[in-house]
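Here is the structure we will look at, set down as structure tokens.
All values below were derived from every heavy atom in this structure, side-chain atoms included, with hydrogens, water molecules and symmetry-related copies excluded.
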Amino acid sequence: MITGSEMAVVDENAAAMGVPRKQLMESSGHAVARAVREAADPGASVRVVAGRGNNGGDAFVAVRFLDDYDVTTSLLGRPETIATDIARENWAALAAGEYDTETVRDSAGFDLGDPDVVVDAMLGTGIAGDLREPERTAAAAINDSDATVVAVDVPSGLNAETGELAETAVEADRVVTFHDTKPGLAELDADVTVADIGIPAAAERFVERGDLMRLDDRDPSSHKGQNGEVLVVGGGPYAGAPALSAKAALRAGADLVRVACPMVVGRELQGFGEDLIVRPYQGKQLEPKQVGFLLQMARHHDTVVIGPGLGDEEETLEAVEGILSGYSGTAVVDADALSRVPEVDTEADLICTPHQGEFAEMGGRVTDDWEERTDYVEHFAADLGQTVLVKGKYDVISDGETTRVNRTGNAGMTVGGTGDVLAGITGALAATQEPVHAAAMAAYANGKAGDRAFERNNNGLTATDLHDEIPAVLWTDRGGEA
């Protein structure tokens, strides 16, 4: 089963892999036409009631494969307001072929007639709640008719995220859904067909640009902090690592990033950027006596990134264990801090970001075969009850139930600090996203930023080069086909 929002991600990932949405729409239309043929013999009258999205576009395609039926297509709205290029092109194809079409500009102008079959293509998986006009009037007319009702993907009025059916929803006799079943379809009194429209399994396995569709554009009326506040707990032996993480979190969209670090490196950290808020504490390294102070600070943040530059002194790792055991929010755990994760009892949602060596130290099985690695990481994450992102040529991300593989990145990213950048991106995205999705998107964005930087700098790539590329990857270039 797949939700409507997840289906949108898979569609876009398929397009990124070379299977364009136009091709998928053609396959979807074929499937709808087959369902009509199963519902009635050639010569039967068919009324297609279509909306202005890709759901309607699927039905426009279907019409071209029903020449031996008496088909009339009703578009609810003006043709110029059809939402996507491919749906608009398929509407234009009907006009060019002189198919029987009409536009319904308001509910008073809708007349269903007395067809043998109605194709409900008004609203797809992205719409929820009670129907508005003119869809509401059209749905009532469809429900009052004696026609066999064939719904495209989901009946109009079914929430494809929750499976909830609106009171005004279309009552379908048959549903042709695509790629996988959707929430709520099994509860309908309808025959449901899942049509294979050619989406490759890789579109669900591999992280691609479609995954970035989970990110919302920043609300113009949002206030400071609404887009995420991240606390980086790091530094001691190393000052650059927490700075790299903090700057990456800002570049990935966090409003505020604070760095809690030993006082001896605080001034050095501040020099990395005026927009970093440094919260120093006494001492040369993290020690158990700072745990209470840091936990109090952590509770005022959306996510905590712990590990960059902390070092592996026993007292430091004891403090890490104290923080993790006392924290109940979302934490990204990286570097030396990872060693304490398997033993710690915590209520926190952890995102662990080890490379293969660190993964082995945590108790995980390692292999150079990425397909075998997916099984190992998935089982380890399930046993741990947390999200794990194992870095490598192919990054593997799993929470024990959902497992993804990321292929972005390059050999230039073996330089120090790129893992710290990844931790920061993950921390920012985890402020607004579920852990496994945040980790998958962060792995993709980190590697893609590295790819863009490598094009410019080749073997001279440094971790700081990734910072300037992160916003473009996450926000500017995430759109795909219309």
- Have Asn406 and Thr408 got a donor and an acceptor in their side chains that come within less than 3.5 Å? yes
- Message: What's the separation between atom CE in Met25 and atom CG in Asn54, rounded to the nearest 0.5 Å?
- Response: 3.5 Å
- Determine, step by step, whether Val63 and Val48 satisfy the side chain to side chain contact (heavy atoms under 4.5 Å, CB included) criterion, reporting the C-alpha distance in whole Å, the side-chain angles of both residues, the deciding distance to 0.1 Å, and the verdict. CA-CA 8 Å; Val63 172; Val48 174; 3.9 Å; yes
- Query: In Å and rounded to the nearest 0.5 Å, what is the CG to CG distance from Leu165 to Leu185?
  - Reply: 10.0 Å
- Regarding Thr3 and Glu6, is there a side-chain donor-to-acceptor distance under 3.5 Å anywhere? yes
- Note on the structure: Between the OG atom in Ser245 and the CG atom in Leu422, the distance rounded to the nearest 0.5 Å is 9.0 Å
- Item | Under 3.5 Å: donor-acceptor pair, side chain of Thr418, backbone of Met413 | yes
- Note on the structure: Correct closest heavy-atom pair for Leu429 and Ala442 would be CD1-N, 3.7 Å
- Query: Is it true that Glu26 and Arg64 make a salt bridge, defined as a side-chain N closer than 4.0 Å to a carboxylate O?
  - Reply: yes
- Which word best sums up how the rings of Phe65 and His30 line up, parallel for under 30°, tilted for 30 to 60°, or perpendicular for over 60°? tilted
- Message: Looking at Asn159 and Glu164, would you say the former's side chain and the latter's main chain have a donor-acceptor pair under 3.5 Å?
- Response: no
- Message: Regarding Tyr444 and Asp395, do their side chains bring together a donor and an acceptor under 3.5 Å, going by distance alone?
- Response: no
- Query: Does a donor on one side chain and an acceptor on the other come within less than 3.5 Å for Asp345 and Ser325?
  - Reply: no
- Report yes if the side chains of Val32 and Phe178 come closer than 4.5 Å at any heavy-atom pair, otherwise no. yes
- Message: Side chains of Gln433 and Leu215, heavy atoms from C-beta outward: is any pair under 4.5 Å?
- Response: yes
- Task: Over all heavy atoms of both residues, which pair between Ala50 and Phe60 is shortest? Give the atoms and the distance, please.
- Result: CB-CE2, 3.5 Å
- Task: Indicate the atoms forming the closest heavy-atom contact of Val396 with Thr374, along with that distance.
- Result: CG1-CA, 3.7 Å
- Below 6.0 angstrom between ring centroids: does that apply to Phe359 and Phe380? yes
- So, Asp120 versus Ser156: side-chain donor-acceptor pair below 3.5 Å or not? yes
- For Ala83 against Gly53, the heavy-atom pair lying closest together: CB-CA, 4.5 Å
- Item | Residue pair Val304, Tyr327: steps toward the side chain to side chain contact (heavy atoms under 4.5 Å, CB included) verdict | CA-CA 10 Å; Val304 172; Tyr327 186 57; 3.6 Å; yes
- Determine, stepwise, if the pair Asp153 / Lys182 fulfils salt bridge (charged side-chain N to carboxylate O under 4.0 Å, His left out). CA-CA 8 Å; Asp153 209 5; Lys182 311 301 187 301; 3.1 Å; yes
- Atom of Thr148, atom of Ala39 and distance for their closest heavy-atom approach: CG2-CB, 3.9 Å
- Is Lys448 atom NZ crowded by more than 12 heavy atoms from other residues, nucleotides or ligands, each under 6.0 Å away? no
- Message: Taking CD in Glu434 as the centre, count heavy atoms belonging to other residues, nucleotides or ligands within less than 6.0 Å. Is the count above 12?
- Response: no
- Task: Determine whether more than 12 heavy atoms belonging to other residues, nucleotides or ligands lie under 6.0 Å from atom CG of Asp189.
- Result: no
- Message: Arg452 vs Asp465, test: salt bridge (charged side-chain N to carboxylate O under 4.0 Å, His left out). Steps then yes/no.
- Response: CA-CA 9 Å; Arg452 293 167 66 111; Asp465 294 328; over 6 Å; no
- Message: Please determine whether salt bridge (charged side-chain N to carboxylate O under 4.0 Å, His left out) holds for the pair Asp68 and Arg37, giving the CA-CA distance in whole Å, both sets of side-chain angles, and the decisive distance to 0.1 Å.
- Response: CA-CA 10 Å; Asp68 48 348; Arg37 292 183 177 280; 3.0 Å; yes
- Query: Does any N or O in the side chain of Gln356 come within less than 3.5 Å of the main-chain N or O of Thr367, such that one atom is a donor and the other an acceptor?
  - Reply: yes
- Message: Looking at Arg258 and Glu229, is any side-chain nitrogen of the basic one under 4.0 Å from a carboxylate oxygen of the acidic one?
- Response: yes
- Under 6.0 Å from the CG atom of Asp369, do we count more than 12 heavy atoms belonging to anything else shown? yes
- Using a 4.5 Å cut-off on heavy atoms from C-beta on, say whether the side chain of Leu324 contacts that of Val333. yes
- Run the numbers on Ile470 and Val421 for side chain to side chain contact (heavy atoms under 4.5 Å, CB included), then give the verdict. CA-CA 10 Å; Ile470 294 168; Val421 173; 4.0 Å; yes
- Is there a donor-acceptor pair under 3.5 Å between the side chain of Asp180 and the backbone N or O of Met1? yes
- Item | Verdict with reasoning, Arg205 to Glu371, per salt bridge (charged side-chain N to carboxylate O under 4.0 Å, His left out) | CA-CA 11 Å; Arg205 171 64 81 181; Glu371 291 182 286; over 6 Å; no
- Minimum side-chain heavy-atom gap Arg174-Val149 below 4.5 Å: no
- Message: Is there a side-chain contact between Asp173 and Asp191 in this structure, where contact means two heavy atoms from C-beta onward sitting under 4.5 Å apart?
- Response: no
- Message: Nearest 0.5 angstrom please: Leu384 CG to Leu350 CG, how far?
- Response: 7.0 Å
- Item | Member of Lys247, Arg456, Arg251 meeting the salt bridge (charged side-chain N to carboxylate O under 4.0 Å, His left out) criterion with Asp468 | Arg251
- Message: Quick check on Glu80: does its CD atom have over 12 non-hydrogen neighbours (other residues, nucleotides or ligands) under 6.0 Å away?
- Response: yes
- Message: What's the separation between atom SG in Cys352 and atom CD1 in Ile397, rounded to the nearest 0.5 Å?
- Response: 13.5 Å
- Query: Mind checking what makes side chain to side chain contact (heavy atoms under 4.5 Å, CB included) contact with Pro79, not counting sequence neighbours?
  - Reply: Leu75, Trp91, Thr103
- Query: Quick one: are Arg88 and Thr84 in side-chain contact, heavy atoms under 4.5 Å?
  - Reply: no
- Message: Does Arg132 have more than 12 heavy atoms from other residues, nucleotides or ligands lying within 6.0 Å of its CZ?
- Response: no
- Message: To the nearest 0.5 Å, what is the distance between CG on Asn13 and CD1 on Ile199?
- Response: 10.0 Å
- With distance as the sole criterion, is a donor-acceptor pair present between the side chains of Thr81 and Arg52 under 3.5 Å? yes
- Message: Once salt bridge (Lys or Arg N to Asp or Glu O under 4.0 Å) is applied, what residue pairs with a partner in residues 99-110 remain, sequence neighbours excluded?
- Response: Arg47-Glu102
- Task: Would you mind reporting whether Val233 and Val305 have side-chain heavy atoms less than 4.5 Å apart?
- Result: no
- Message: Going by side chain to side chain contact (heavy atoms under 4.5 Å, CB included), name the residues that satisfy it together with Asp144, two or more places apart in sequence or in a different chain.
- Response: none
- Result for side-chain hydrogen bond (donor to acceptor under 3.5 Å, both in side chains) between Tyr376 and one of His379, Glu372, Arg373 points to Glu372
- With side chains defined as the heavy atoms from C-beta onward, is the minimum distance between Thr403 and Glu204 less than 4.5 Å? no
- Item | side chain to side chain donor-acceptor pair (under 3.5 Å) evaluation trace for Tyr69 with Asp41 | CA-CA 8 Å; Tyr69 288 76; Asp41 294 329; 5.9 Å; no
